[in-house]
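Residue numbers begin at 1 in each chain, while the letters A, B, ... track the order of the sequences. Just so it is clear, the values below take in all heavy atoms, side chains as well, and ignore hydrogens, waters and symmetry mates.
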Amino acid sequence: MVTEAVEVTRVVDRAHRESWSTVLSSVVRLTRDLDLAEDCTQDAFVQALRTWPDGIPDNPAGWLTTVARRLALDRLRRETNLRRKLPLLVEQPDEAEQPTDPLRLVFTCCHPALARESQVALTLRLICGLTTREVAAVLLIGEATAAARITRAKKKIAAAGIPYRIPADHELPARMDVVLTVVHLVYTAGYVATGVELTRADLTGRAIELARMLERLMPDEPEPLALLGLLLMTEARGDARVSADGELVLLADQDRSRWDGKLLAEGVSRATSALQRGHGRFALQAAVAGLHVTAPSWEKTDWGQVVRMYDAMMVSWPTPIVALNRVAARSLVPGADLEAVLVELDALSKEPALATYAYLPATRADVLTRLDRPEQAAEAYKQAIHLTANETERRFLTTRLTNLNR
Amino acid sequence: MAQYMFLLFDSEEWYDNLTRDEWQQAMKLHGEFAAAVEKAGARILGGEALERSNTASTVKNREGAEPLVTDGPFIETREALGGFYVIEARDLDQALELAKLCPSGNIEVRPVMPTTEDAAPPA
């Protein structure tokens, strides 16, 4: 049966979104060579576009994996025959799919001997299947820079012998933090996408999937559990974040009945059990998210408790962004001393790490509006509009700026 | 006889546009050096070519804290090179574990470059 070209493209796109890392990681297990594995995975998708019009296989991911692995084996045999030197350096053809394959590849991408910026770029490329151009757009860097980071990381993996495996149980606690951080960054990159769309569901979805895998891998550790809870609670609010006409709606103004109750309940229960077992940074972040989603309204949120969570975070994780979130929460405690808040915000604006961070001037603008200083508030809004990379956010801030003058 | 360690420092840009012939030529020069050492009645006890410095990892062993693994070579500040080991290990993970046991404050872990006859010039 011949299938419509549009339908084939749709199915191949979907397989790319859902199964890229499964196919790729299965090929990596065979070749131990990232470039070769990537080429063969790419070629398998090209073959799918060519042959699926004659009939779409029942199990697209399985089909792609088989084809990609066969292409890889062919190429390895050809190269070995050409050189006639080394025996095949690969494992014998084994089970095509192992459920833990994507996780192995995650631990390779997030190896502590790679720079953080390379870990993130490589994860977006290999695990999320983004093109180099998309990686550049998500990370707000030039395409050449993104390409250089990915190439350099792959070279290091090959030359330095970074293994392709899930660390042993005793190594996991030391390796966990980097992986959780990178998964969180992938989620954040998808949540505040650059360009026209407010979110990239493929990235947020993949990050949640990875968090679920990590939770299953380390059931006794509170932090993977906390990360999953945090992501689920954030995801549950996703739909309410955009209005019917595509505008950004702040947490304060969101219609809480539009939150996804099932995701929320799942997130809250995970956050709660994580908090009973530890107060790592993801547990504290999940606690803040939990305080938001269980409050009946923005005004009735327990802001004092939110500030205390950020206080605790400042002890173990004193980053400028945590400091900014803490001050922003402080400004919302009923009867807050807004002048004092403003002083703290001004101090933070000297932080180089926040120099291009739109939330800082946006928060200042809000505080200045409440202090009834519209001219200064307008300046701050303009600064935030200039800094944001997201079109929907820009429109939102512009509306705020316009409303000041009314 | 006394023993001496030679540390070879060169610009890595040389690798950027390296042809197979130039690589062979460089190998030949090292062969000639080895012959000159023998001829002088001295001996080479060991030696390896190293992969580029951007394939290096550095382990910082800190008192009272977990060892810190970072990407890249050791950037010398007050410390001076005080010794070396050539270790054969399963993979980088094992090498890094062993570096954490090594009685030194900072250990740069650099992969050794294959220089056998059929090895390709480094990428």
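At a 4.5 Å heavy-atom cutoff, the contact between A:Leu114 and chain B is made by backbone atoms alone. Contacts between B:Leu68 and chain A at a heavy-atom distance below 4.5 Å are absent for every atom of the residue. Contact annotation for B:Arg110: neither backbone nor side-chain heavy atoms come within less than 4.5 Å of a heavy atom of chain A. Contacts between B:Ala56 and chain A at a heavy-atom distance below 4.5 Å involve the backbone alone (N, CA, C, O). Interface remark: A:Arg165 contributes side-chain atoms only to the contact with chain B (heavy atom separation under 4.5 Å).
Counting non-hydrogen atoms of neighbouring residues, nucleotides and ligands closer than 6.0 angstrom, the CG atom of B:Asn17 reaches no more than 12 such neighbours. Environment of CD in B:Glu12: crowded, with over 12 heavy atoms of neighbouring residues, nucleotides or ligands closer than 6.0 Å.
Atom-to-atom distance recorded for B:Thr55:OG1 and A:Ile162:CD1 is 9.5 Å, nearest 0.5 angstrom. The distance from the CG atom of B:Asp71 to the NE2 atom of A:His111 is 11.0 Å, given to the nearest 0.5 Å.
Among A:Pro163, A:Gly161, A:Ala174, A:Pro112, the residue with the largest count of heavy-atom pairs under 4.5 Å with chain B is A:Pro163. Contact tally against chain A (heavy-atom pairs below 4.5 Å) for B:Leu96, B:Thr70, B:Val109, B:Asn54: the top residue is B:Asn54.
When all heavy atoms of B:Leu92 and A:Ala160 are compared, the closest pair comes out as CB-O, 3.4 Å. Heavy-atom minimum distance, B:Pro111 versus A:Ala159: CB-O, 3.2 Å. Between A:Lys156 and B:Gly72, the shortest heavy-atom contact is NZ-N, 4.1 Å.
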